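For reference, the structure discussed in these notes is given below.
All values derive from a computational prediction rather than experimental measurement.
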Amino acid sequence: MTKNLFYSVFGTLFLISTPLYAQSFIEDILKEPIRKAITGSADIRIQEMTSNNTELDMEIAKGKRLPSLSFLGGYGFLYSQLSLQFPTQYLPISGTPFLEDPLASSFQTHVLMGGLSTRQIIFAGNQINSGIKALEEKQKAERFLAEAGKEEIAKEVIQTFDQLMLLNAVDKLIEDSEKRLDTEHKKVLKAIDNGLAIPYDRDKIKLAVLELEEKKLEAIGNRNVLLAKLAYLTRIPANELKTITYNLQAFLIDTDALDVDNRAELKALEAGKKAKEFAYNKEKGTYFPTIFAFGNLTYLNAFDTRIKLKDVPLAGNVTLDTENITLEPAAAVGVGMKWDLFKGGENSKSAQKAEIEVEIIDTKLKDTREKFELLLFKNKSDFKTAEQKVIVAKQRVQIAENNLQLATKQYNAGLVDLTERLASENDFYKVNLNYYNQILNQRHATLELLIATGELLGKIYNGYEN
C-alpha cells in the first residue's frame with residue numbers, strides 16, 4: 001500500500017513537472033527524417049517492387065479472361081517421290097492386264113499459307129477467378145509486411161536520435177561540472193598560496209577534470225558514429241542532422257485499449273491464409289473440363305505444282321502442271337472442350353498439397369497471434385516498469401542536487417573535505433545520467449509497445465493506417 005502510494009504521488013509530480021507530447025506523441029522535428037528514412041529504405045523499395053511484380057501477375061491472370069488471337073504464316077517448297085500401286089485391272093474385250101505394275105511418279109510444289117486463329121475460354125472450373133483473388137490477397141500480405149518494415153525503420157530512427165540527444169545532455173552535464181570544478185580549482189589555488197591547502201587537493205580536482213575530458217572524448221566518438229548512421233538511414237547530410245535537437249521527454253500513451261489486432265504481421269498472415277484458400281479452390285477447378293470457343297481463318301496457295309507419272313499404260317510418261325491451287329478463305333468456328341481425365345494423379349495431389357498449405361498457414365496464424373499477445377503482455381509490463389523507473393530517477397536527481405548544494409556549502413565552510421565535495425559532484429553526474437538513460441528506456445519501451453500493436457506510425461502521423 002505504501003509503495004503504491006509512493007508511485008502515485010511521485011508519478012503525479014513527475015507528470016506535472018515533465019513536459020510530455022500528449023497530442024502529437026513524437027517530436028515534430030523527427031517526422032520528416034522518419035519519412036525520408038522510410039522513402040529511402042532499400043528494403044522497402046524491394047518490397048514495393050515485389051508487390052508490383054504481383055500486380056503484373058494479376059494483370060496476366062486477368063488477361064486469360066480475354067480472347068487470344070494469333071497469326072501463323074509461312075512459305076515452303078515440297079518435293080516427293082511417289083509410287084502408286086493400283087489393283088490390276090483387265091480390259092473387257094482382250095483381257096489385257098492394265099495397271100499391273102506400280103506407277104513411279106514425283107510431286108513438287110511451292111506453298112504459301114497464312115491464318116488467324118482465336119480462342120476464348122468459356123469455363124475453366126473457376127480457376128482464373130480463384131487465381132486472381134489469390135494474387136490479390138498475396139499482394140495485400142506483401143504490403144502489410146512492408147508496413148511492418150516501415151515501423152521498424154521509424155523505431156530505429158527515433159532511437160538513434162534519442163541517443164544523440166542523450167549525448168547533448170551529457171555535454172551539458174560535463175559543462176556544468178567543469179564550471180563548478182573550475183571554481184573549486186581557483187579556490188584551492190588561492191588556499192595553497194595562503195597555506196590553507198596542499199597541492200594534493202589541487203591534483204584531486206585536476207584528476208576529476210581529466211575524467212570529464214575523457215567522457216567528452218568518448219561522447220565525440222559516439223556522436224560521429226550516430227550521425228553517420230542517421231545519414232545512412234535518412235539520406236540527410238550530417239551537418240543538417242546536427243541542427244536537429246529536442247529535449248528528451250518521456251512518452252505518454254494509454255495502454256488499456258492496445259491490442260494486437262492492428263499488427264501488420266497478423267494482417268499479412270490473414271491475407272496469406274486467404275490467398276492459400278483461393279489457391280486451393282483453383283486447384284480443385286482442375287477436376288472440371290475446360291470449355292472454349294474457337295475460330296480460324298486460313299489462306300493457302302500452292303503454285304508451280306508439277307506431278308510426273310512414268311510409264312502410264314496407253315499414255316506413257318505424263319506430266320501434270322498447275323499454275324496454283326488456292327484455298328481462300330478457309331473459315332471455321334466452334335466450341336471445344338478439353339478434359340484431363342487422368343494425369344497420373346497430378347490434379348488430386350496438387351489439390352491435397354494446396355489444402356495442407358491452408359492448414360499450415362492457419363496453424364501459423366494462430367500460433368503467431370498467441371506469441372504476439374504474450375509479447376504485448378511483456379511490453380506493457382516493461383512500459384509500466386520503465387515509467388516507474390523514470391519517476392524514481394527523477395526523485396534521485398532532486399536528492400543528488402540537494403546533496404551537491406549542501407556539500408558545496410559545507411566544503412566552503414570547512415565542514416567536509418575536498419574528497420567528499422568531489423564525491424557529491426560525481427554522484428550528481430551519475431544520477432543525472434541515469435535519469436536520462438531511464439527516459440531513453442521509457443521511450444524505447446513505448447516504441448516496442450506500439451510496434452507490438454501496429455500503432456507506431458499511426459501515433460507518429462495522426463490518422464495513418466496500414
Starting at [atom1] of [X], measure out to [atom2] of [Y] and round the result to the nearest 0.5 Å.
X	Y	atom1	atom2	answer
I29	K31	CD1	NZ	12.0 Å
T290	I128	OG1	CD1	8.5 Å
L418	K187	CG	NZ	11.0 Å

Exam field: side chain [X] to backbone [Y], donor-acceptor pair closer than 3.5 Å:
X	Y	value
T183	K179	yes
N432	F428	yes
T243	E240	yes
W339	Y287	yes
D362	V358	no
Q159	H444	no
N281	S130	no
D254	D256	yes

So, do [X] and [Y] sit near enough that their side-chain heavy atoms are less than 4.5 Å apart?
X	Y	result
I205	D201	no
L230	I236	no
I132	R65	yes
I439	Q249	no
D382	N441	no
K459	T453	no
F383	I253	yes
E455	L258	yes

Exceeds 12 heavy-atom contacts within 6.0 angstrom, atom [atom1] of [X]:
X	atom1	value
F71	CZ	yes
Y232	OH	no
K229	NZ	yes

Let me check something: any side-chain donor-acceptor pairs from residues 47-64 under 3.5 Å, sequence neighbours excluded? List them with distances.
unit_1: T50; atom_1: OG1; unit_2: I46; atom_2: O; d: 2.9
unit_1: S51; atom_1: OG; unit_2: R143; atom_2: NE; d: 3.4
unit_1: N52; atom_1: ND2; unit_2: E48; atom_2: O; d: 3.4
unit_1: T54; atom_1: OG1; unit_2: T50; atom_2: O; d: 3.2
unit_1: T54; atom_1: OG1; unit_2: E142; atom_2: OE1; d: 2.8
unit_1: T54; atom_1: OG1; unit_2: E142; atom_2: OE2; d: 3.0
unit_1: E55; atom_1: OE1; unit_2: Q139; atom_2: NE2; d: 2.9

**Q.** salt bridge (charged side-chain N to carboxylate O under 4.0 Å, His left out) between D171 and R223, intermediate numbers included
**A.** CA-CA 11 Å; D171 289 343; R223 178 177 285 104; 2.6 Å; yes

Taking NZ, NE, NH1 and NH2 as the nitrogens, is one of them in [X] or [Y] under 4.0 Å from a carboxylate oxygen of the other?
X	Y	value
K133	E136	no
R369	D261	yes
E425	R421	yes
K216	E178	yes
E218	K215	no
E175	K172	no
R35	E32	yes
R180	D176	no
R443	E27	yes

**Q.** Distance-only polar pair, side chains of N126 and N129, donor-acceptor under 3.5 Å
**A.**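 Yes, a side-chain donor-acceptor pair sits under 3.5 Å.
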
Q) If you draw the axis of the six-membered ring of F294, does the NZ or CZ of R119 fall within 45° of it and under 6.0 Å from the ring centre? A)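 R119 over F294 ring: no.
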
Q) Within 45 degrees of the axis of the six-membered ring of Y435 and under 6.0 Å from its centre: does K389 put its NZ or CZ there? A)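 No.
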
**Q.** Over all atoms of both residues, closest heavy-atom pair of L404 and S424
**A.**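 Scanning both residues completely, I find the closest heavy atoms to be CD1-OG, 3.7 Å.
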
Q. What is the minimum heavy-atom distance between A452 and L376, and which atoms define it?
A.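 Looking at all heavy atoms of both residues, the shortest contact is CB-CD1, 4.4 Å.
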
Q. Aromatic rings F123 and F288: how do their planes relate, parallel, tilted or perpendicular, breaks at 30° and 60°?
A.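 It falls in the perpendicular class, over 60°.
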
Q | With sequence neighbours excluded, residues passing side chain to side chain donor-acceptor pair (under 3.5 Å) with Q127 | A |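 Partners of Q127 by the side chain to side chain donor-acceptor pair (under 3.5 Å) criterion come out as none, since no residue qualifies.
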
(Q) Using salt bridge (charged side-chain N to carboxylate O under 4.0 Å, His left out), reason through E152 and K155 one step at a time and then give a plain yes or no. (A) CA-CA 5 Å; E152 288 293 335; K155 181 189 76 171; 3.4 Å; yes

